[in-house]
A.B. asks: 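The structure follows.
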Amino acid sequence: QVQLVESGGGSVQPGGSLRLSCAASRIIFSIRPMGWYRQGAGKQRELVASISSGGSTFYADSVKGRFTISRDNAKNTVYLQMNSLKPEDTAVYYCNAGGATSGIWGQGTQVTVSS
């Protein structure tokens with residue numbers, strides 16, 4: 001199984017920013033869509049943003065205008081730039097390669113937004 005390694009999580013005040021990174025193997029990264037999911041306490045895991053191998057993007061309505069997903073093919077890395085963070089963004093964020101059903105998951109990184 002291909003290993004996905006997330007980084008960049010942490011604690012931030014409301015209105016602040018964080019950038020999450022997810023590194024994958026070259027082969028998997030080059031052919032699979034990549035995405036970020038999150039799971040808040042007591043909630044189901046939800047798709048936050050995704051990006052295809054060709055660069056097309058999708059965002060959940062709750063993060064549109066605030067989050068940006070991107071990928072750097074040379075570094076085999078996908079990013080999630082999170083701006084204007086809100087307390088409701090607090091969750092464990094998971095990197096995914098290939099979709100929720102049959103894809104590969106990272107172990108998750110905690111994002112906490114509080115005063």
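If you're wondering where the values come from, they're calculated on a predicted model, not measured in any experiment.
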A.B. asks: Count the heavy atoms belonging to other residues, nucleotides or ligands that lie under 6.0 Å from CD of Q107, then report whether that count exceeds 12.
C.D. replies: no
A.B. asks: How far apart are the closest heavy atoms of A49 and L80, and which atoms are they?
C.D. replies: CB-CD1, 4.1 Å
A.B. asks: For the backbone of V113 and the side chain of T90, can you confirm whether one donor and one acceptor N or O come within less than 3.5 Å of each other?
C.D. replies: yes
A.B. asks: Show, in sequence, the C-alpha distance, side-chain angles and deciding distance for V111 and R38, and conclude whether the side chain to side chain contact (heavy atoms under 4.5 Å, CB included) test is met.
C.D. replies: CA-CA 9 Å; V111 172; R38 69 185 181 188; over 6 Å; no
A.B. asks: Supply the atom-to-atom distance Q81 CD to I69 CD1, rounded to the nearest 0.5 angstrom.
C.D. replies: 12.0 Å
A.B. asks: Provide the closest heavy-atom pair for G40 versus A91 in the form atom of the first, atom of the second, distance.
C.D. replies: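 Where G40 meets A91 most closely, the heavy atoms are N-CB, 3.7 Å.
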A.B. asks: Parallel, tilted or perpendicular, judged at 30° and 60°: which one describes the rings of W105 and Y94?
C.D. replies: perpendicular
A.B. asks: Is the side chain of R32 donor-acceptor paired with the backbone N or O of N96 at a distance under 3.5 Å, no angle test?
C.D. replies: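 Answer holds: no.
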A.B. asks: Could you measure the distance from the CH2 atom of W36 to the CG atom of L20? Nearest 0.5 Å is fine.
C.D. replies: 4.5 Å
A.B. asks: Strictly below 4.0 Å, N to O, side chains only: are D61 and K64 in salt-bridge contact?
C.D. replies: yes
A.B. asks: Between S17 and N83, which heavy-atom pair has the shortest distance, and what is it?
C.D. replies: OG-OD1, 2.8 Å
A.B. asks: On a heavy-atom basis, which atom in A24 and which in L4 lie closest, and how many Å separate them?
C.D. replies: CB-CD2, 3.3 Å
A.B. asks: Around E88, counting heavy atoms of other residues, nucleotides and ligands shown, do more than 12 lie under 6.0 Å from its CD?
C.D. replies: yes
A.B. asks: Just verifying a value: how many Å separate L85 CG and S11 OG, rounded to the nearest 0.5 Å?
C.D. replies: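 If I round to the nearest 0.5 Å, the distance is 11.0 Å.
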A.B. asks: Work out which heavy atom in V48 is nearest to a heavy atom in Y93; give both atom names and the distance.
C.D. replies: CG2-CE2, 4.3 Å
A.B. asks: Ring of Y37, cation from R45 - is the NZ or CZ under 6.0 Å from the centre and inside 45° of the axis?
C.D. replies: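 No, a cation-pi geometry is absent between R45 and Y37.
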A.B. asks: Would you find a donor on one side and an acceptor on the other, under 3.5 Å apart, between the side chain of E6 and the backbone of C95?
C.D. replies: yes
A.B. asks: Calculate, to the nearest 0.5 Å, the distance between atoms CD and CD belonging to Q44 and Q39 respectively.
C.D. replies: 8.5 Å
A.B. asks: Rounded at 0.5 Å granularity, tell me how far CE in M34 sits from OG1 in T77.
C.D. replies: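 Going from CE on M34 over to OG1 on T77, the span is 8.5 Å.
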A.B. asks: If you measure from CZ on R71 to SG on C22, what distance do you get to the nearest 0.5 Å?
C.D. replies: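 One finds 10.0 Å between CZ of R71 and SG of C22.
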A.B. asks: Quick check: is Y59 connected to L18 through a chain of hydrophobic side chains (ILVMFWY, heavy atoms under 4.5 Å apart)?
C.D. replies: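 Yes, because L18 and Y59 connect within a single hydrophobic cluster, where side-chain heavy atoms sit under 4.5 Å apart.
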